[in-house]
Structures are given as C-alpha cells and as structure tokens.
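Any value given below was found using the heavy atoms of this structure, including those in side chains, with hydrogens, waters and symmetry copies removed. Note on naming: letters A, B, ... go to the chains in the order of the sequence lines (proteins, then strands), and numbering restarts at 1 for each one.
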Protein chains: 2
Amino acid sequence: MEFKQIKNNKVYEQIIEQIRELIYEGELKKGDKLPSERQLKKDLGVSRASIREAFSALEMIGLIESRPGEGTFIRDSFDEDIFNPLSLILLLNDNVAEELLELRRVLEIDCVKLAAERATEAEIEELHSYIENLLSSSGYEEDSIKADKMFHYTIARASGNKVLLFFMRSISEAMDFHIKNTRTKLVSKKETMTDFARQHQQIFKALQEHDPEQAAAEMKNHLDYVEKLINKEIEG
Amino acid sequence: MEFKQIKNNKVYEQIIEQIRELIYEGELKKGDKLPSERQLKKDLGVSRASIREAFSALEMIGLIESRPGEGTFIRDSFDEDIFNPLSLILLLNDNVAEELLELRRVLEIDCVKLAAERATEAEIEELHSYIENLLSSSGYEEDSIKADKMFHYTIARASGNKVLLFFMRSISEAMDFHIKNTRTKLVSKKETMTDFARQHQQIFKALQEHDPEQAAAEMKNHLDYVEKLINKEIEG
DNA sequence: AGAGTACTGATGGTCTGACCATCAAATAAT
DNA sequence: ATTATTTGATGGTCAGACCATCAGTACTCT
C-alpha cells in the first residue's frame with residue numbers, strides 16, 4: 001500500500017498550481033494579463049489576501065509583474081534585471097564561496113566553448129568594446145567591475161542558451177554577496193586591470209576565430225589568474 | 001549626475017530585504033525561528049497581511065518554512081525536496097527543452113569529473129545499488145525512472161558541490177515538465193533499459209577507479225545515446 | 001472641431017479585525 | 001509519576017475598508 005504525500009495545503013499554493021497549469025497548457029503566455037484580484041476572488045472563491053500571497057510569491061521569482069492601476073501580467077522575459085531569489089538561498093550555505101568559484105569555473109568554460117561556436121558579429125563587437133572600457137576605466141573601480149562583468153555576461157549571452165545565461169547570472173549575483181569586497185580590492189590595482197584586459201583580449205581573439213578549444217584554454221588561463229588573486233586576498 | 005533606481009516600493013519587498021540582511025550578517029542562520037507574524041507586525045509597524053506576503057514569497061523559493069501552531073523557520077537545508085520555482089519560469093521559454101538538454105549535458109559531464117575525484121566509498125556503493133535497481137525494475141516504469149534519476153542525482157551529490165547539485169535538480173525538475181511523456185516512453189522498452197544499465201555500469205567503473213576523463217567519456221557516450229533516443233521520439 | 005482638463009471606475013497596495021485549526025507548554029486529574 | 005485537559009500562541013484564512021495610481025470617458029474652453 002502506498003500513499004501519496006498530501007501537499008498544497010495552503011490556498012495560495014493551490015492558486016499558484018492552477019496558474020502553473022494554465023501556463024503549461026498554453027492558456028497563459030508571456031505578456032498576458034491575469035484577471036484582477038477581485039475577479040479571481042470570485043472565480044476561485046478565496047479571499048484577496050490569499051491571492052495576493054500567491055502573487056507576491058510569483059512576483060518574487062520573476063514570473064509575474066503587478067502594476068498599480070493597470071493589472072497583473074506575465075513577464076515577457078526573464079532576461080531583464082530581476083532580483084534573483086537563488087542568491088538568497090545560496091547565502092545560507094557554508095563554503096558557498098568556494099563552491100561558487102568552482103561552479104563558475106566549469107560553467108564559464110562550457111559557456112565560452114558554446115559562444116565560440118555561436119557568437120554573432122554584433123556580440124563580438126560588443127565584447128571588444130568592453131575590453132576598451134576596461135582599459136579606460138583605470139582608477140574608477142565601479143566602471144572596471146562593470147566592464148569585467150559585462151564581458152563575461154556577454155559571453156554567456158553569446159552561448160545562445162538562455163537557461164545557461166540565467167544560471168551564470170545567479171552565480172554572479174550570489175558571488176557579489178560573498179566576495180564583493182575582495183572583488184573591489186582586486187580591481188583597484190592598475191596592474192591587475194591590464195592583466196585582465198590582456199587575458200580578455202586573448203579570449204576575444206579565440207571567439208573571433210570561432211575556436212572553442214582555444215577559447216576554453218584562454219578562459220581557463222584567465223580564471224586561474226583570478227582565482228589565484230582571490231585566494232591570495234582572502235588568505236593574506 | 002547619476003540617480004539610483006528607486007526600488008522596494010512594496011512593503012513586502014522591504015521586509016524581505018531586511019530578512020536578507022539579517023541572514024547576510026549572520027544573525028539568522030539555518031534552523032532559526034523567526035519572530036511570529038504578530039510580533040513582526042509590531043516591530044516593523046506593518047500589517048500582518050504584508051508580512052504574510054513576504055513570507056509566502058520566501059517560502060516559495062524554499063528559504064523559510066511555516067508550521068501552524070509552531071512558527072516560521074529558516075530551512076535547514078535545500079537538499080530536501082522543495083518545489084523549485086525555476087521550473088515554473090522555464091515553462092515560459094521557447095526551445096527550453098533543447099536548451100535544458102544542452103545544459104544538462106555540459107553540467108553532467110563536469111559533474112562526473114568532480115565526482116570521479118571525490119566520490120566516497122559509500123557513494124560508490126550507493127551508485128552500484130541503483131544499477132541493480134535499474135535491471136530489476138524492468139516492466140515497472142516508475143521504478144526504472146527512479147533508479148535512473150537516483151543514479152544521476154547521486155553523482156551530482158558526489159561532486160561535493162551543493163550549488164551544482166542544486167542546479168542539476170532544477171534542470172531535472174524542469175525537464176520533467178517538458179519531456180515527461182518522452183521519458184516514460186523511453187523507459188518502457190526493455191532493450192533501452194539494459195543499454196542504460198550497461199552504460200551506467202561503465203560510468204560506475206570509471207568513478208570507482210577515480211578516473212575523471214574516463215568517467216567524462218562514458219557519460220558523454222551515455223548522454224549521446226539518451227539524446228538520440230529523445231530526438232527520435234520527439235520527431236517520430 | 002480640436003486640445004486640454006476633470007471626472008469616474010477599475011486596479012493594485014495596505015491595513016484592521018476577526019475566526020479557525022494546530023501545536024506546545026502549563027495545568028489539572030488520575 | 002503518568003496521563004488528560006486546558007490554555008495560549010501561532011500560522012491560515014477571510015471580509016471589509018481606504019488609498020494611490022492609471023486608463024478611458026466626458027467635459028470644458030478656445
């Protein structure tokens with residue numbers, strides 16, 4: 001005899017489940033407007049409070065967006081800059097900094113391989129601009145960090161895999177919490193920045209020539225360098 | 001002149017932000033009990049409804065857990081079987097099935113390499129049992145699927161990287177939505193199952209010998225086989 | 001007739017106060 | 001000392017209210 005776990009005790013979870021099914025069946029698509037809270041209250045026979053609990057949960061994960069006076073809509077993409085709840089969960093784990101570094105390493109190498117195969121001319125051009133930004137940002141830590149981030153972010157985008165891009169962003173955001181100070185220290189040294197720029201240049205070349213293995217090798221080299229610096233900073 | 005985006009309009013978002021900071025600063029740790037909703041209502045000067053909206057959002061992403069009559073707690077691990085909100089977002093994306101397969105491929109290969117280096121005796125023994133389960137489950141699709149899943153899941157766990165494990169689970173859950181029927185069809189053929197078992201056996205051997213490259217090669221072989229079957233099933 | 005303004009209704013955002021089921025700890029009964 | 005019972009706190013749910021915002025409509029003035 002086997003019993004199935006009874007779940008969805010809570011009303012707001014059942015509401016989410018129904019919305020999920022509507023999405024799965026294609027009745028709700030990107031950009032669609034959901035019924036108003038008061039309408040759903042009638043349709044589902046629940047209170048507005050429960051509906052709002054469901055909506056706030058769905059809004060947190062970036063699935064929907066509520067606009068006062070207008071209504072509630074299914075977000076049309078998760079490319080945009082939404083708060084990533086994953087980073088919150090990762091906050092709780094011990095040794096998470098090491099694990100994030102390790103995971104970023106393997107993902108970034110996979111990423112750059114795919115990007116080497118698929119990067120468009122526009123993306124390659126974009127990458128070039130970030131190398132220049134990195135060089136010209138000397139002394140402005142925020143700009144340096146942004147240029148570095150955008151370089152890696154664009155590679156992830158060039159991989160053509162949106163789920164992979166999403167994961168890379170999750171890791172990046174989580175790392176911001178854990179090694180933010182370290183990052184700022186690294187970037188503040190001019191010597192480090194020129195090294196970064198040189199390594200980015202090597203990766204860029206390999207991408208330009210659509211050479212996955214070479215790109216992977218250059219990325220490894222870059223990450224080795226970065227991780228060495230981070231470890232030195234953390235220990236010393 | 002530079003303006004910062006004004007965010008956190010909503011009360012429930014500000015509550016989440018405060019909780020996040022408490023976690024970041026170490027004042028809230030795994031297993032800790034949060035103040036009761038009525039206490040927070042006093043402390044923060046907001047309504048219970050807003051607090052509950054914040055809590056439902058945090059519960060959705062698996063950060064907290066509310067137990068009637070007891071209170072609300074920070075979850076002590078995200079190993080457990082929580083609903084993964086990622087799979088909901090991924091529902092919206094086109095071509096997501098292909099992207100998931102591609103991403104699973106690269107992650108699984110990275111995974112098995114790490115596992116080859118770090119797998120403990122207990123984990124290797126566990127893997128062995130799932131191969132036997134796979135062989136003896138012939139005809140019972142649910143059992144076959146479970147044995148297959150557990151094999152891959154255990155490898156992810158053996159990688160020693162919890163964040164990686166978390167990602168693998170997210171992908172697995174998301175794939176369940178998108179190719180569930182396909183999976184069941186695959187598993188229903190006895191021939192396929194013996195092939196699976198043989199390939200698992202090869203992966204297992206490489207892990208047992210702690211040979212990362214060999215393990216990666218065997219895993220590639222296995223995934224090639226699986227993906228070929230899936231494509232055949234989807235097209236035909 | 002056209003342009004701008006004011007009104008109106010619907011919507012999300014928030015709060016209050018209430019009632020219930022559940023659980024744990026304190027209390028009473030054995 | 002053990003077992004029942006009571007009690008209080010907690011989360012879960014609901015109804016009803018008020019506000020700010022927005023879109024569409026009706027209105028006014030030129």
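Not a single salt bridge (Lys or Arg N to Asp or Glu O under 4.0 Å) links A/Asp143 to another residue, sequence neighbours left out. Residues satisfying the salt bridge (Lys or Arg N to Asp or Glu O under 4.0 Å) test with B/Arg105, not counting sequence neighbours, are B/Asp224, B/Glu227. Qualifying ring pair (Phe, Tyr, Trp, His ring centres under 6.0 Å) partners for B/Tyr24, counting only residues two or more places apart in sequence or in other chains: A/Phe177. Contacts of B/Arg118 classified as salt bridge (Lys or Arg N to Asp or Glu O under 4.0 Å), with partners at least two apart in sequence or in another chain: A/Glu102. By the salt bridge (Lys or Arg N to Asp or Glu O under 4.0 Å) test, A/Glu125 is found to be paired with no residue, residues two or more places apart in sequence or in another chain being considered.
In this model, the phosphate group of D/dA15 is approached by a side-chain N or O of A/Lys41 to a distance below 4.0 Å at OP1 or OP2. Contact between the side-chain N/O atoms of A/Ser50 and the OP1/OP2 oxygens of D/dG12 is not found at any separation under 4.0 Å.
To the nearest angstrom, C1' of C/dG17 lies 15 Å from CD1 of B/Ile51.
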For nucleotides 4-13 of chain C, read 5' to 3', which letter fits each nucleotide if B means a protein heavy atom sits under 4.0 Å from the base, S means only the sugar-phosphate is that close, and - means neither?
-------BBB
